Amino acid sequence: MEPLFLYNTLSRQKEKFDPIQPPFVGMYVCGPTVYSDVHLGNCRTFISFDLIYRYLMHAGYKVRYVRNITDAGHLEGDRDEGEDKFAKKAKLEQVEPMEIVQKYSLGFHEVMGLFNTLAPSIEPTATGHISEQIEMTKKIIAQDFAYEVNGTIYFDVQKYCEKNNYGALSNRNLDDLLTNTRELSGQGDKKGRLDFALWIKAKPEHLMRWPSPWGWGFPGWHIECSAMSMKYLGERFDIHGGGMDLIATHHSNELAQSVACNHTEPVKYWMHTNMLTVNGARMSKTAGNGFLPHELFTGKHPLLERGYSPMVVKFFMMQTHYRSTLDFSNEALSASEKGFTRLMSAVKLMDNLKSSDTSSFSLEELKKKCYQAMNDDFNSPVLIAHLFDGVRLINSINDGTATISASDLQELKKLYQAFLYDVLGLKEEKSLGGSNELAADLMNLVLNIRKEIRSKKDFTTSDLIRDELKKINIVIKDTKDGAVWEHSV
RNA sequence: GGUCGGGUGGCCGAGCGGCUAGGCUGAGCUCUGCAAAAGCUCCUACAGCGGUUCAAAUCCGCUCCCGACCUCCA
């Protein structure tokens, strides 16, 4: 097995992947805050880590993949003041905060299912780990890295910086961080402007609250990930991931908390996915250029000319490297859709391929290239490029201009099974011919009758049948071996 | 404003010192009753200006654009 290299945000370079305790791999990814519909950018992050999860497993690792659900403690503004996002939404919809959590957790899982992502090994919730967060906060206080002001506990960044580099992840020095932070209102009782809350005192109107040594309150946003990753993956684990926007604040805070608590670097490899843009601009609610996954699938949004199926969207995402920005546009999506269809058609063609004594190409070479692509920081666009080289090969074999041996044919099928389905996590969406017995029988009948007509050179009727079928999305192709059909969605 | 990251052919998107991916689109050809599909061929790019080097899209400097974070947004 060739070594795997991945880009570590901390070192800002590609590093050889060397798990702490092979064959086990611990991976933590910051999950969604379930107070509204999943953001498409969030989907991209989870789809990227799904690819990573799948490839690590394919490579033989025993992966424990933990992705949390934030269902408490996330405040408007991500500062330590303001309203709880869940409480706000609950008030708006006139329901319990936990109804909000339930509703959007279900919605999130549904969308991730449509994208054919695997469920994480553990999906812990913040509210289910309050005591762990309190314990961790206590430890940090005991180490003198946090202080209490009126029932709220703040992390002391200045103290932390005496011996540690707070800006290590974001690659910034402390002075820049301090001088470049704008003067904010509502700095509250913090000693330092970079300090952040580990535990927040609940105001009387707060619905979601828990007892603690410091009175009734709720956990700060950053502590949950530190507490839960520590609980399920240990004080030191392999991969921690999330969107790039989390680096400067959330992950830097997490890192500081864990180091303050355990005196050890919690994460060996920090991995971050890039942002998603629409027609070149960042997708955001205020810019009005954001659409929900369902709107993307159905095409019901002013920016969308039509809908694109989940697999097309996923394939489209996979054609861009996870560390590059991904730009959504109708043109790009349509291009991916055509490519995806061509790819899947060729894969299906493999079942009908005739083998020869020898192969006119090197299957080993193709296979090697696929692994090389994935071993180079999970380069799915390059992997897909090689998969398309295979498409041309498959079609050429089908046309008789290339040959394949029986054993290579078996290997080729395995290769696509492995990379297309197992690693990229793509799947057949269109019900191509034969998926439904009744439809297959009926179409057989139609095609046989049409064959009769064609043998009598009645092309007018023959074309009529083809045109009419096309109207109900059944495409007839007259090949030299007879007609075949497929049903497009 | 500060810090960090980018600008690649008609579009999307890899590559990141020499061998100049891939997808989509367009043109032509082969096959075909016609389509469709498929195959083959063509259009060959690296924001601009300098510099380093035998050799630069790839390294360095400057300029111009764009994005991220610092401030609600994933």
Side-chain angles (χ1 to χ4, degrees), chain A residues 12 30-33 36 38-46 75-79 82 85 167 170-173 175-185 193-194 242-250 252 272-277 280-287 290 315-316 319-321 323-343 345-346 349 369 373 376 379-389 391-402 454 457-460 462-463 466-467 470 475-480 483-486:
Chain A
R12 272 159 282 121
C30 291
T33 302
S36 67
V38 225
H39 188 108
L40 205 58
N42 236 172
C43 291
R44 187 309 242 202
T45 297
F46 302 139
L75 298 181
E76 286 285 319
D78 287 350
R79 280 187 263 138
K85 282 179 175 174
S170 57
N171 191 27
R172 281 171 220 188
N173 64 50
D175 288 341
D176 286 340
L177 281 169
L178 286 169
T179 53
N180 294 334
T181 303
R182 290 186 183 177
E183 197 64 53
L184 299 172
S185 59
R193 51 167 48 158
L194 292 174
M244 269 182 185
D245 52 337
L246 299 179
I247 296 172
T249 308
H250 183 54
S252 292
H272 294 93
T273 56
N274 214 134
M275 302 291 105
L276 191 151
T277 58
R282 187 189 183 191
M283 184 183 272
S284 84
K285 285 169 192 169
T286 43
F315 179 70
F316 169 68
Q319 279 188 298
T320 303
H321 187 81
R323 282 192 289 114
S324 297
T325 52
L326 175 74
D327 188 52
F328 267 80
S329 66
N330 284 287
E331 211 181 352
L333 245 4
S334 295
S336 276
E337 187 176 66
K338 287 194 179 168
F340 182 61
T341 304
R342 195 163 85 89
L343 177 61
S345 297
L349 244 188
K369 283 179 176 172
D376 183 16
N379 200 327
S380 57
V382 170
L383 168 66
I384 288 170
H386 297 319
L387 255 25
F388 270 110
D389 285 340
V391 165
R392 184 169 297 120
L393 222 45
I394 291 166
N395 287 325
S396 294
I397 294 164
N398 189 240
D399 289 348
T401 56
R454 279 161 58 82
K457 303 266 184 236
D458 179 2
F459 294 117
T460 315
S462 163
D463 289 351
R466 190 169 64 194
D467 292 345
K470 193 166 183 184
V475 179
I476 302 287
K477 295 177 196 170
D478 291 305
T479 71
K480 49 180 182 284
V484 293
W485 67 280
E486 56 185 45

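Order of the sequence lines fixes the chain letters, A, B, ..., with proteins taken first and strands second; residue numbering starts at 1 for each chain. Fair warning: this is a prediction, and the values are worked out from it, not measured in the lab.
Of all nucleotides listed (B:G13, B:C12, B:A74), B:A74 comes nearest to the side chain of A:Leu276. The side chain of A:Thr249 approaches B:C70 more closely than any other nucleotide in the set B:C70, B:C11, B:G39. The side chain of A:Arg172 lies closest to B:C70, out of B:C70, B:A74, B:A14. Distances from the side chain of A:Ala385 to the nucleotides B:G33, B:A21, B:G13 place B:A21 closest.
With sequence neighbours excluded, no residue forms a salt bridge (Lys or Arg N to Asp or Glu O under 4.0 Å) with A:Arg392. With sequence neighbours excluded, no residue forms a side chain to side chain contact (heavy atoms under 4.5 Å, CB included) with A:Ala385. For the salt bridge (Lys or Arg N to Asp or Glu O under 4.0 Å) test, no residue two or more places apart in sequence or in another chain qualifies with A:Asp245. Applying the side chain to side chain contact (heavy atoms under 4.5 Å, CB included) rule to A:Arg466 yields the partners A:Arg450, A:Asp463, A:Ile476, A:Asp478; only residues at least two apart in sequence or on another chain are considered. Taking A:Leu393 as the reference, A:Phe361 meet the side chain to side chain contact (heavy atoms under 4.5 Å, CB included) condition, with sequence neighbours excluded. Taking A:Asp399 as the reference, A:Thr401 meet the side chain to side chain contact (heavy atoms under 4.5 Å, CB included) condition, with sequence neighbours excluded. With sequence neighbours excluded, the residues satisfying salt bridge (Lys or Arg N to Asp or Glu O under 4.0 Å) with A:Lys477 are A:Glu486.
Taking atom C1' on both nucleotides, B:A38 is separated from B:C66 by 40 Å, rounded to a whole Å.
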Distances for protein N or O near nucleotides 34-37 of chain B N or O, under 3.5 Å:
unit_1	atom_1	unit_2	atom_2	d
B:C34	O2	A:Arg466	NH2	2.6
B:C34	N3	A:Arg466	NH1	3.0
B:C34	N3	A:Arg466	NH2	3.1
B:C34	N4	A:Arg466	NH1	3.4
B:C34	N4	A:Asp478	OD2	3.3
B:A35	N6	A:Asp478	N	3.4
B:A35	N6	A:Asp478	O	2.7
B:A35	N1	A:Asp478	N	3.0
B:A35	N3	A:Arg466	NH1	2.9

Dump every N/O contact between nucleotides 56-60 of chain B and the protein below 3.5 Å, one line per pair.
none

Grab the N/O contacts between the protein and nucleotides 43-46 of chain B below 3.5 Å, and write none if there aren't any.
none

Taking only N/O atoms, report every protein-nucleotides 65-67 of chain B pair under 3.5 Å with atom names and distance.
none

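Look at A:Arg193 and you won't find any side-chain N or O under 4.0 angstrom from OP1 or OP2 of B:C70. For B:G39, the OP1/OP2 oxygens have a side-chain nitrogen or oxygen of A:Asn395 closer than 4.0 Å. Under 4.0 angstrom from either OP1 or OP2 of B:G23 there lies no side-chain N or O belonging to A:Lys338.
Among the heavy atoms of the strands lying under 4.0 Å from A:Ser324 are primed sugar atoms or P, OP1, OP2 only; no base atom is included. Within 4.0 Å (heavy atoms only), A:His321 reaches sugar-phosphate atoms of the nucleic acid but no base atom. Heavy atoms of A:Thr320 sit under 4.0 angstrom from primed sugar atoms or phosphate atoms, though from no base atom.
Contact of the A:Asn395 side chain with the A:Arg342 side chain is registered, since non-hydrogen atoms from C-beta on lie closer than 4.5 Å.
For the pair A:Thr320 (side chain) and A:Pro381 (backbone), a donor-acceptor distance under 3.5 Å is absent.
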>> As a check on the pairing definition, encode RNA chain B in dot-bracket form, counting Watson-Crick and G-U wobble pairs whose two distances are under 3.5 Å, and using | for partners outside this strand.
In response: (((((((..(((.....[...))).(((((.......)))))....(((((..]....))))))))))))....

